Amino acid sequence: MLEISRIRTERAKVEQGLKIKGWTEEKLAILDLIIAADDKRKQLQTENDGYLSERNKLSKEIGDLFKAGKASEAQAAKLQVEELKEKIAIAESAMQAQIIELESKLIELPNIPHPSVPAGHSESDNEVSKPWSNELPELPETALPHWELATKYNILDMKLGVKIAGAGFPVFIGKGSRLQRALINFFLDEATEAGYTEIVPPLLVNEATARATGQLPDKEGQMYYVTKDDLYLIPTAEVPITNIYRDTILNLDQFPIKMTGYTPCFRREAGSYGADVKGLNRVHQFDKVEIVQLEHPDKSYETLDQMVAHVEGLLQKLELPYRILRLCGGDVSFASALTYDLEVYSAAQKRWLEVSSVSNFETFQSNRLKLRYRDEDGKKRLAHTLNGSALALARIIAALLENNQTETGIIIPEALRKYTGFDIID
RNA sequence: GGAAGAGUGGCAGAGCUGGUUUAAUGCACUGGUCUUGAAAACCAGCGUGCGGCAACGUACCGGGGGUUCGAAUCCCUCCUCUUCCGCCA
């Protein structure tokens with residue numbers, strides 16, 4: 001959630017940023033409505049505080065009067081408070097309504113993009129900041145897409161998932177399962193090596209948690225919801241891990257806080273269809289190792305670059321062709337200021353698959369998280385939050401299977417062999 | 001799931017027969033005095049949000065609601081923790 005103070009003090013920047021995200025001149029009118037709503041909220045609070053102050057004063061007097069034995073005067077004062085109470089009730093409910101009104105508008109504002117974010121409306125406007133420089137791998141005509149390889153080698157069964165749960169719930173088998181586990185361990189070890197502390201968080205979270213990282217209300221339809229216990233299945237480890245530091249005030253020497261965690265991720269993916277959802281391209285449950293950092297605002301972009309480099313290193317070690325995109329204003333997520341997507345080339349499908357998204361949220365998340373730090377001058381300021389996939393498994397497996405297929409079987413990249421215990425799937 | 005007890009500021013811990021508690025006190029922390037330096041001692045400061053230039057006002061004693069002129073204190077409800085019982089990887 002954007003800070004109101006930014007709308008007031010950096011109006012021009014905010015407007016410019018919203019335009020990069022595709023906002024029209026007309027939509028910008030909401031900014032004035034927000035300021036007006038906030039002004040009214042302040043005014044209502046001042047009014048209400050005045051009434052409360054009077055009430056507190058009178059109540060104290062009543063106590064003193066009773067002690068002094070002046071019962072009739074006390075009775076008179078009681079009547080006065082009685083009147084005040086009506087005013088307080090009105091002022092308080094008006095204030096509550098105003099806060100809700102304000103929040104409902106504020107929540108519509110996305111984060112303001114970083115100056116480097118290119119304008120644009122869709123994927124095609126994303127800037128390829130680091131293209132794959134070599135030639136893309138060419139496979140023979142007989143090459144198979146990963147869902148057919150899966151059947152051929154009996155390592156993954158999508159139909160079985162349908163039987164057990166529904167479409168989009170893969171069942172890995174044998175070496176497929178082992179490959180899954182190998183990748184998780186490889187990614188976690190690499191993250192640990194890079195200084196991230198490993199976390200095993202809850203996979204279900206409460207409403208306050210989902211709200212703090214912005215899944216609610218923005219992406220409510222994306223999450224599975226357990227009504228009986230009022231819990232949400234996590235769509236990414238980012239949610240529980242970032243929330244570790246909800247309602248926290250950090251000291252400067254605690255930066256940067258680096259956390260990693262493996263979790264399954266659950267996404268309803270309502271409305272998806274076609275080639276996008278074929279095989280492992282888009283599923284309801286997938287495994288992912290996430291990296292999260294909490295950083296000082298002065299250093300967060302440096303940190304973002306480091307995180308991208310970390311993910312890049314993973315792809316290099318897996319010997320997968322990849323490219324890095326700087327997302328345009330129209331494609332960058334609601335909460336992000338700057339996002340790099342890393343895509344892997346899936347040679348049999350002849351398409352790029354997004355396997356990682358690394359973002360700097362600046363203060364957009366920490367504002368809701370109430371994640372702050374105490375500056376040199378003792379002032380409390382919002383910290384910056386960043387996260388990225390390092391990496392998402394399902395699509396990595398899709399690419400690995402396709403790119404590494406040979407007549408004799410699927411070759412496991414060198415870096416992974418000590419984790420799989422085998423060097424070929426045949 | 002059942003029963004009993006408990007949830008107070010970074011920590012510990014009073015208050016809980018409703019009104020100088022506008023949350024005592026100790027520890028920790030910060031600044032100062034003293035000291036060659038440190039420790040000790042002494043002095044001062046020290047929670048969070050909102051409003052206000054400020055003085056200050058207001059709210060917060062697990063969450064929510066209620067009673068009352070007035071609630072940390074009484075009542076209801078939910079959550080969490082501890083102990084016991086039940087169930088169970």
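Naming convention: chains lettered A, B, ... in sequence-line order (proteins, then strands); numbering from 1 in each chain. When reading the values below, keep in mind they use all heavy atoms of this one structure, side chains included, and skip hydrogens, waters and symmetry mates. All of these numbers come straight from a predicted model, not from anything done at the bench.
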Opposite nucleotide pairing with rA71(B), Watson-Crick or G-U, both atom distances under 3.5 Å: none
Interatomic distance at P, rU73(B) relative to rG19(B), whole Å: 11 Å
Phosphate-side-chain proximity, Arg374(A) and rG47(B), N/O vs OP1/OP2 below 4.0 Å: no
Pairing partner (Watson-Crick or G-U wobble, both distances under 3.5 angstrom) of rG1(B): rC85(B)
Gln254(A) CD to rG10(B) C1', straight-line distance once rounded to whole Å: 12 Å
Who pairs with rU20(B) - Watson-Crick or G-U, where each distance is under 3.5 Å: none
From rU48(B), rG51(B), rG57(B), nucleotide with atom closest to Asp49(A) side chain: rG57(B)
Side-chain ion pair, Lys317(A) and Glu190(A), N-O less than 4.0 Å: yes
Protein-nucleotide distance (Asn367(A), atom CG; rG49(B), atom P), rounded to Å: 12 Å
Touch class at under 4.0 angstrom, heavy-atom based, for Leu52(A) against every strand present: sugar-phosphate
Nucleotide of rC69(B), rU48(B), rC50(B) approaching Ser59(A) most closely (side-chain heavy atoms): rC69(B)
C1' gap between rA72(B) and rC61(B), integer Å: 5 Å
Watson-Crick or G-U wobble partner of rC60(B), both distances under 3.5 Å: rG47(B)
Touch class at under 4.0 angstrom, heavy-atom based, for Asn56(A) against every strand present: sugar-phosphate
Distance test, side-chain N/O of Lys380(A) to OP1/OP2 of rG49(B), below 4.0 Å: yes
Euclidean distance, atom CD1 of residue Ile249(A) to atom C1' of rC29(B) [Å, nearest integer]: 15 Å
Spacing of OG1 belonging to Thr213(A) relative to CG belonging to Leu371(A), to within rounding of 0.5 Å: 12.0 Å
Geometric cation-pi criterion, Lys175(A) with Tyr153(A): 6.0 Å, 45°: no
P-based separation of rA14(B) from rG26(B) [nearest Å]: 15 Å
Spacing of Glu3(A) atom CD relative to rG49(B) atom P, expressed in whole Å: 13 Å
Nucleotide nearest Lys85(A) (side chain, heavy atoms from C-beta), chosen from rC69(B), rU48(B), rC50(B): rC69(B)
Base-pairing assignment for rG26(B) (Watson-Crick or G-U wobble, both under 3.5 Å): rC11(B)
Partner nucleotide of rA38(B) by Watson-Crick or wobble geometry (both distances under 3.5 Å): none
Interatomic distance where CD1 belongs to Ile88(A) and P belongs to rA71(B) [whole Å]: 10 Å
Euclidean distance for C1', rC79(B) against rG63(B) (whole angstrom): 7 Å
rG9(B) to rU67(B) separation - C1' atoms, rounded to the nearest Å: 28 Å
No-hydrogen, no-angle side-chain donor-acceptor test under 3.5 Å, Tyr225(A) and Asp230(A): yes
Nearest-nucleotide comparison on RNA chain B, the residue closer to the 5′ end among Arg55(A) and Gly63(A): Gly63(A)
Rounded distance in Å - CG (Asp38(A)) to C1' (rC50(B)): 11 Å
Gln43(A) CD - rC50(B) P separation (whole Å): 19 Å
Residue Glu82(A), side-chain heavy atoms: nucleotide from rG51(B), rU58(B), rC69(B) that is nearest: rC69(B)
rU48(B) phosphate, OP1 or OP2, under 4.0 Å from Arg372(A) side-chain N/O: no
Base partner of rC53(B), which must satisfy Watson-Crick or wobble distances under 3.5 Å: none
Check ion pair Lys105(A)-Asp38(A) (N to O, under 4.0 angstrom): no
Lys/Arg N to Asp/Glu carboxylate O, Lys78(A) vs Glu82(A), below 4.0 Å: no
Pairing nucleotide - rA6(B), Watson-Crick or G-U, each distance under 3.5 Å: rU80(B)
Distance between C1' atoms of rC74(B) and rG15(B) (Å, rounded): 15 Å
Side-chain donor/acceptor contact of Gln45(A) with base of rC50(B) under 3.5 Å: yes
Rounded P spacing from rC75(B) to rU21(B) in Å: 24 Å
Whole-Å gap separating P (rC50(B)) and NZ (Lys40(A)): 21 Å
Distance between P atoms of rU68(B) and rU58(B) (Å, rounded): 23 Å
Among rG51(B), rC69(B), rG57(B), the nucleotide that comes nearest once only the side chain of Val81(A) is considered: rC69(B)
Whether Phe266(A) and Tyr224(A) hold their rings parallel, tilted or perpendicular, with breakpoints at 30° and 60°: perpendicular
Upstream residue (5' side of RNA chain B) when Lys42(A) and Ser53(A) are each assigned their closest nucleotide: Lys42(A)
Ion pair check, Glu15(A) and Arg11(A), cut-off under 4.0 Å: yes
